[in-house]
Amino acid sequence: MVPCSVTAPSSTLPATAIIPRQRHTSFPRPPPLPLRRARASPVSSLSNGSGQFNQQLFRPGDPPQPRTPLPGGYKRPELKVPTLVLQLDPDEVLARDNDALALIDKAVSRWVGIVVLATNEASGGKLYEAACSLKSLLRDRAYLLVAERVDIAAAAAASGVLLSDQGLPTVVARNTMLDSKSELVVLPLVARIVHTVDAAVNASKSEGADFLIYGGADLKRVGSEVGYVYKSVKIPIFVSCGKNNVSYADALGLLASGASGFVTSLENFGLFGDEFLHKVLALCVRMLVAGMLARIN
């Protein structure tokens, strides 16, 4: 048997044949080339110490890298409570009334954390123009939400949308805004207007709303229902009293039930004094802290 690593001699050669040895000619070694600094590659694709390329460059089917270190690549917006919700009409924004604009500026500088732009008009031109103007005025001092119109909210780069209890599903509205702006890092806010306890619990637990606006004209009934909802959900609840102004006693009762604030029009906000707003929000802070401690215990 002939080992596989050795080549057997040909049978045609005589046994005494001698294969002459090859002579190697030595050539002078060329001078060493000067050292050249390696040029940095424009694509940093080598893993640390592994010597392998980044597999994502060659696997187009792999999911894209997250845009942030958080799961899913998005951050949830931080909603600071307690705060007030200021509801505006496009005409109030586009009237070019310096007093109105100054009042809006005062509201978002200290007291208001959410601004809702709402209209009953079917045309979206005026709503879009007002949303763009508000976006410039707010300068990230407050979240801007457009009522019902997800398309206008996305086109104006608003912070989110406020849906009625008969509006789009929360997940559809959120995904629509995400699809319209691929560069978004912070998830859009999607809030829901509710009028019953069941709708409030469903909007929070089943639909994933970011916060609720509980509406109703009977403040006593609303306060009782908000107290029940507060024990069942973990998202902020704001109370809308329609066009009625909120007295200190009304605010005291609503905040005691667990509300994180209330909705006000620009006209009603102008009637509030700084002392009133300071007392109300300071009281709300104490009640929210007490409520959180009660939940922990």
Side-chain angles (χ1 to χ4, degrees), residues 67-68 70-90 92-93 104 107-108 111-120 124 126-194 199-200 202-215 233-240 259-266:
R67 306 171 192 180
T68 70
L70 300 180
Y74 297 100
K75 295 189 298 183
R76 296 190 68 87
E78 298 179 0
L79 186 59
K80 298 180 181 180
V81 293
T83 190
L84 299 182
V85 180
L86 179 63
Q87 182 168 332
L88 298 173
D89 185 89
E92 294 175 314
V93 180
I104 297 173
V108 299
W111 310 110
V112 172
I114 302 170
V115 176
V116 174
L117 188 62
T119 183
N120 294 325
K126 184 184 294 185
L127 184 62
Y128 171 75
E129 184 181 357
C132 293
S133 298
L134 267 180
K135 182 74 175 178
S136 176
L137 176 64
L138 298 183
R139 300 195 306 274
D140 297 328
R141 293 177 294 174
Y143 291 112
L144 172 61
L145 274 66
V146 179
E148 298 295 343
R149 297 294 300 268
V150 181
D151 55 340
I152 301 297
S159 307
V161 62
L162 174 64
L163 305 172
S164 66
D165 50 3
Q166 302 298 324
L168 287 173
T170 301
V171 64
V172 174
R174 182 176 287 117
N175 289 339
T176 301
M177 293 197 66
L178 286 175
D179 293 341
S180 65
K181 298 290 183 180
S182 59
E183 70 277 7
L184 282 179
V185 174
V186 180
L187 286 172
L189 280 169
V190 180
R192 179 75 71 177
I193 301 174
V194 295
N202 180 71
S204 172
K205 294 187 176 182
S206 300
E207 296 191 18
D210 293 300
F211 66 88
L212 304 174
I213 293 183
Y214 206 102
V233 304
K234 296 182 179 180
I235 59 176
I237 309 168
F238 301 92
V239 176
S240 175
S260 300
F262 54 88
V263 183
T264 179
S265 64
L266 185 63

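- For the pair Val81/Phe211, no side-chain contact is recorded, criterion being any heavy-atom separation below 4.5 Å from C-beta on.
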Quick one: do Ile152 and Val161 satisfy side-chain contact (heavy atoms from CB on, under 4.5 Å)? Show the steps, please. CA-CA 9 Å; Ile152 301 297; Val161 62; over 6 Å; no

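- In plain terms, the two heavy atoms of Ala130 and Val93 that are nearest each other are O-CG1, 3.8 Å.
- Of the inter-residue distances, the one linking Asp151 atom CG with Thr176 atom OG1 reads 9.5 Å to the nearest 0.5 angstrom.
- Here the CG-CG distance, from Leu86 to Leu138, works out to 9.0 Å after rounding to the nearest 0.5 Å.
- Between Gln87 and Glu92, the shortest heavy-atom distance links the atoms O-OE1, 4.3 Å.
- In this structure a side-chain-to-backbone donor-acceptor pair under 3.5 Å is present from Tyr143 to Glu78.
- In terms of heavy atoms, Ala131 sits closest to Leu144 at O-CD2, 3.6 Å.
- With Arg174 contributing its side chain and Val171 its backbone, the two residues share no donor-acceptor pair below 3.5 Å.
- To the nearest 0.5 Å, atom CG of residue Leu162 and atom CD1 of residue Ile114 are 9.5 Å apart.
- When every heavy atom of Leu212 is checked against every heavy atom of Ala203, the shortest pair comes out as CD2-CB, 3.7 Å.
- Proximity of a side-chain donor or acceptor of Ser204 to a complementary backbone N or O of Ala200 within less than 3.5 Å is not detected.
- Judged by distance alone, with hydrogens and angles left aside, the side-chain atoms of Glu148 form a donor-acceptor pair with the main-chain N or O of Ser164 at under 3.5 Å.
- Of all non-hydrogen atoms in Leu168 and Arg192, the two that sit nearest each other are O-NH2, 2.8 Å.
- Distance check, rounded to the nearest 0.5 Å: CZ of Arg149 to OG1 of Thr119 gives 9.5 Å.
- Using a 4.5 Å heavy-atom threshold, the side chains of Thr83 and Phe238 count as touching.
- Looking at Ser260, its side chain never comes within 3.5 Å of a backbone N or O of Pro236 through a donor-acceptor pair.
- Using modelled atom types, no side-chain atom of Ser136 and backbone atom of Ser133 make a donor-acceptor pair closer than 3.5 Å.
- Between the Asp210 side chain and the Val190 main chain, a donor and an acceptor come within less than 3.5 Å of each other.
- Checking side-chain atoms of Lys135 against main-chain N and O of Ala157 turns up a donor-acceptor pair under 3.5 Å.
- The closest side-chain heavy-atom distance from Val194 to Asn202 is not below 4.5 Å.
- Here the shortest heavy-atom pairing between Ala209 and Ile235 reads O-CD1, 3.5 Å.
- Side-chain atoms of Ile213 and Val263, non-hydrogen and from C-beta on, do get closer than 4.5 Å to each other.
- To the nearest 0.5 Å, the span separating CG on Asp89 from CG on Leu127 amounts to 9.0 Å.
- When the shell of 6.0 Å around CG of Asp179 is examined, it contains more than 12 heavy atoms from other residues, nucleotides or ligands.
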